[in-house]
Amino acid sequence: MKNSSNIQHGGAALKLIKVHDEKKKMKEASDALPLPLYLTNGVFFTLFFSVVYFLLLRWREKIRNSTPLHVVTLSEISAILVFLASFIYLLGFFGITFVQSLVIPRSHEGILLDDEEEDDELLMLKEDSAKTPCAAAPEKIATISPPLPEEDEEIVKAVVEGKIPSYALESKLGDCHRAASVRREALQRTTGKSLAGLPLEGFNYETILGQCCEMPVGYVQIPVGIAGPLLLDGVEYSVPMATTEGCLVASTNRGCKAILASGGASSVVHKDGMTRAPVVRFGSAKRAAELKFFLEESLNFESLSMVFNRSSRFGRLQSIKCAIAGKNLYIRFTCSTGDAMGMNMVSKGVQNVLEFLENQFPDMEVLGISGNYCSDKKPAAVNWIEGRGKSVVCEAIIKEEIVKKVLKTDVASLVELNMLKNLTGSAMAGALGGFNAHASNIVSAVYIATGQDPAQNVESSHCITMMEAVNGGKDLHVSVSMPSIEVGTVGGGTQLPSQSACLNLLGVKGASKEVPGSNSRLLATIVAGSVLAGELSLMSAIAAGQLVKSHMKYNRSSKDVANLASAT
C-alpha cells in the first residue's frame, strides 16, 4: 500500500512538473524583449492611446475644415503605423494569454494551477523530497490537504467569504477536531500559505475548549528531556524540561549529578501568596488617602477578609498594601490559593472587596481590576522585594572533590566568578532580579513541560545566586533565592494529558487532599532545585572555559543527523 501511494504521489509530482515546464516554455517568448515585460507593456499602452488621441484630433480638424480624410500627412502616416503596431502587439499579448487559459487546463488531465498555486505546490514537493533529519525516517506528512467532505467544503467556503466567523466553528459544528480542521483549511486558502508540518491529528481539542486556547489550527511539538535525579529534601526527582535549546538539559543534568554526589540539596518556602492590585480614583488625594488608612487599619482587616474569602474555599486574604499617586490609589491584595496558581481566585476575591468598598466610599471610581502594582508578567521591584506566588530558597554544599571531578573547576574560581558575574556584573547592568546566570532557562523549560503559564517566567525567574567557600575553604556553599515562583498543579494547562503526565512524574499532579497547597509548594521547590543545578553547571562551564565548546558540540552541530541515524 505504501509503495502504491508513493507511486501515485510521484506520478502527480511528474505531471505537476511537466505542467510547470510547459508553462515556463510559453513564458520564455517574453525573454527576447529588450525591456522587462511590464515596461514593454507600458510603452505600447502609451503609444496606442497617444496615437489614437492624435488621430482623433487631426480628423476632427479635417471635418471642420472640409478636408478629405484620405489626404494624409507624413505625421499622420507615422501615427497610423504606430497605431497598427501597438494594436497588433496588445492583441497578441492579451489574446494569447486568454487562449492559454482556455487550452492549458484541458491538455493535462484536469490539473489546473495558476502561477501562485503552481509555485506553492512545487515548493511543497521539494520539501517532501528533502532528506529527513531524524533517527528513523518517519512517513512523510501529506503537504497537499486531502479533499474535505462536501459538508465541510461548504463551511470552509463560508468561513473564507466571512459568512461564518472562524471563532464560532466549535459551537456551530459541535466537534472541536472538525472545527480545527475546517479553520485550518480556511486559513490556508485565505492566506495562500501552507500549514504543512504543523500537526493537526493526535490532539484532543476538547481539552482546551474554553480554557487554554481559542481558534486552534494544530499544535506545536516541543521535545521533553529529563534532568536528574535531583536529590532535594531527601527525595529524588526526575525533572521534565521542554526545550529546543541544546545543552540545557545536559547541563542541568550535570548539576543534578553534582548535587546528588554531595548529599543533596535542601529547600524552604518562606512565603506563599498570589497578588492582585486594582487601581481606584477619587476626586481628591485626601479622599484616596482616607481609603488607604481604612484598608491598612488592622481593625478593618477581619471584615475585609470575610468579604474576600467568600470567593473560594481555598483563597484566604493575607495582607493589603497600598500605594498612592495623587488622587489614585493602588491596592495590592495578597492571598493564599491552595494548589492553584491563583490569579482567577484572587481576582474574584478582589472584586468582592471592591463592591463592598463602593458602599463605604460611594465616590470611589474603579478604573481597573489590575493596576500593574500586582505585578503580573512584568519585571517589577515590588515582586523582587515583597514576593509573589511562592518565595523559595534552595541550597546545597558541593564537596571539593565533586567540584573538581564532576564540574571540572575549583571552589575559588566559582566564588570569584559568581561575585564578578552574577553580583557585580548584574549590578553594573542595572538588573532587576537578574542576579543569576540563566535561571529563566530552567524555569521556562519546567513551566512548559508542566503546564504553567510561560509568560510568568518573567517574575518567576527573579533569582539571586550566592556562592561561598565553606569548611575551611574546601567545599562550596551554593544557593538560589527566588521570591516569586508562580506555579500551580490544578487549572490552566496542567490538566492537558502531556503536562499532566509530567506533573505525575514529579508526584505533584492535581490538588493535595491531605494538605491543600502542598503540591504547588513542592513544585515550586523542585523548580528552585532545578535552577540551583542549572546555575551550578553553567557557572562551572564558564569558569572552566567549556561554554563555547559545549554549545558548538550540542547546539550548533554540523553532523549529518540523517546519515548518523542510518549508520546506527
Side-chain angles (χ1 to χ4, degrees), residues 141 145-146 148-149 152 155-156 159 164-188 195-226 238-244 274 312 314 337-345 347-348 377 443-457 460 486-513 516-517 519-520 522-523 526-527:
I141 299 174
S145 301
L148 294 173
D152 289 354
I155 297 173
V156 168
V159 173
I164 298 178
S166 180
Y167 63 81
L169 287 172
E170 279 78 6
S171 59
K172 180 176 179 62
L173 300 178
D175 184 334
C176 292
H177 181 277
R178 184 183 172 198
S181 177
V182 169
R183 181 181 295 112
R184 179 190 181 101
E185 182 61 28
L187 180 64
Q188 291 185 123
L195 286 178
L198 180 68
L200 175 68
E201 305 299 331
F203 189 86
N204 184 1
Y205 294 94
E206 305 284 345
T207 60
I208 63 173
L209 182 63
Q211 59 180 353
C212 289
C213 180
E214 298 75 42
M215 296 190 288
V217 294
Y219 59 97
V220 174
Q221 297 164 309
I222 302 178
V224 177
I226 296 295
S238 296
V239 183
M241 301 175 67
T243 182
T244 56
M274 182 49 65
S312 170
F314 295 110
T337 58
D339 282 308
M341 184 269 289
M343 287 296 298
N344 291 335
M345 194 180 299
S347 296
K348 290 177 185 177
K377 302 173 184 175
V443 172
S444 294
V446 178
Y447 270 29
I448 294 171
T450 58
Q452 311 304 310
D453 188 339
Q456 289 185 321
N457 163 69
S460 294
E486 299 161 344
V487 292
T489 58
V490 296
T494 64
Q495 48 82 39
L496 297 176
S498 300
Q499 290 81 343
S500 181
C502 290
L503 290 171
N504 188 58
L505 177 65
L506 295 172
V508 294
K509 178 182 175 181
S512 172
K513 297 178 181 179
N519 278 356
S520 62
L522 177 55
L523 178 57
I526 293 172
V527 171

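Summarising the geometry, atom CG belonging to Asn519 is positioned 9.0 Å from atom CG belonging to Leu503; distances are rounded to the nearest 0.5 Å. Between the CD atom in Gln211 and the CG atom in Leu496 there is a gap of 7.5 Å [rounded to 0.5 Å]. The structure places CD of Gln499 at 9.5 Å from CD of Gln452, a figure rounded to the nearest 0.5 Å. Atom OG of residue Ser238 and atom CD1 of residue Ile226 lie 6.0 Å apart, to the nearest 0.5 angstrom. Here the CD1-CG distance, from Ile155 to Leu169, works out to 7.5 Å after rounding to the nearest 0.5 Å.
Screening residues 164-181 for salt bridge (charged side-chain N to carboxylate O under 4.0 Å, His left out) gives Glu151-Arg178, Asp152-Arg178, Glu170-Arg183 as the qualifying pairs, with residues at least two apart or on separate chains.
For the pair Pro516 and Phe314, the tightest heavy-atom approach, listed with the atom from each and the gap, is CB-CE2, 3.8 Å. Of all heavy-atom pairs between Ala242 and Ile448, the closest is CB-CG2, 3.7 Å. The shortest heavy-atom contact between Arg184 and Gly218 is NH1-CA, 4.3 Å. Of all non-hydrogen atoms in Gly492 and Cys212, the two that sit nearest each other are O-SG, 3.6 Å. The two atoms that bring Ala168 and Ser171 nearest to each other are O-OG, 3.0 Å, heavy atoms only. Counting all heavy atoms, side chain and backbone alike, Gly488 lies closest to Leu523 at O-CD2, 3.9 Å.
Between the side chain of Tyr219 and the backbone N or O of Leu198, no donor-acceptor pair lies under 3.5 Å. One N or O on the side chain of Gln495 and one on the backbone of Thr207 form a donor-acceptor pair closer than 3.5 Å. At least one donor-acceptor pair under 3.5 Å links the side chain of Gln188 to the backbone N or O of Leu195. Although no hydrogens or angles enter the test, the distance criterion places no donor-acceptor pair under 3.5 Å between the side chain of Ser444 and the main chain of Pro454. Between the Asp339 side chain and the Ser520 main chain, a donor and an acceptor come within less than 3.5 Å of each other. Judged by distance alone, the side chain of Tyr447 and the main-chain N or O of Glu486 form a donor-acceptor pair under 3.5 Å. With hydrogens and angles disregarded, a donor-acceptor distance shorter than 3.5 Å links the side chain of Thr489 to the backbone of Gly510.
With a 4.5 Å cut-off on side-chain heavy atoms, Leu200 and Ser181 count as touching. Contact annotation: the side chain of Pro497 never approaches that of Asn204 to less than 4.5 Å [non-hydrogen atoms, C-beta and beyond]. No side-chain heavy atom of Thr337 sits under 4.5 Å from any side-chain heavy atom of Ser312. Pro240 places none of its side-chain heavy atoms less than 4.5 Å from the side chain of Val446. Side chains of Leu506 and Leu522 form no contact here, defined as non-hydrogen atoms less than 4.5 Å apart.
For CD of Glu206, the number of neighbouring non-hydrogen atoms (other residues, nucleotides, ligands) closer than 6.0 Å is greater than 12. By the 6.0 Å contact criterion, CG on Asp453 is enclosed, its count of non-hydrogen atoms from other residues, nucleotides or ligands being greater than 12.
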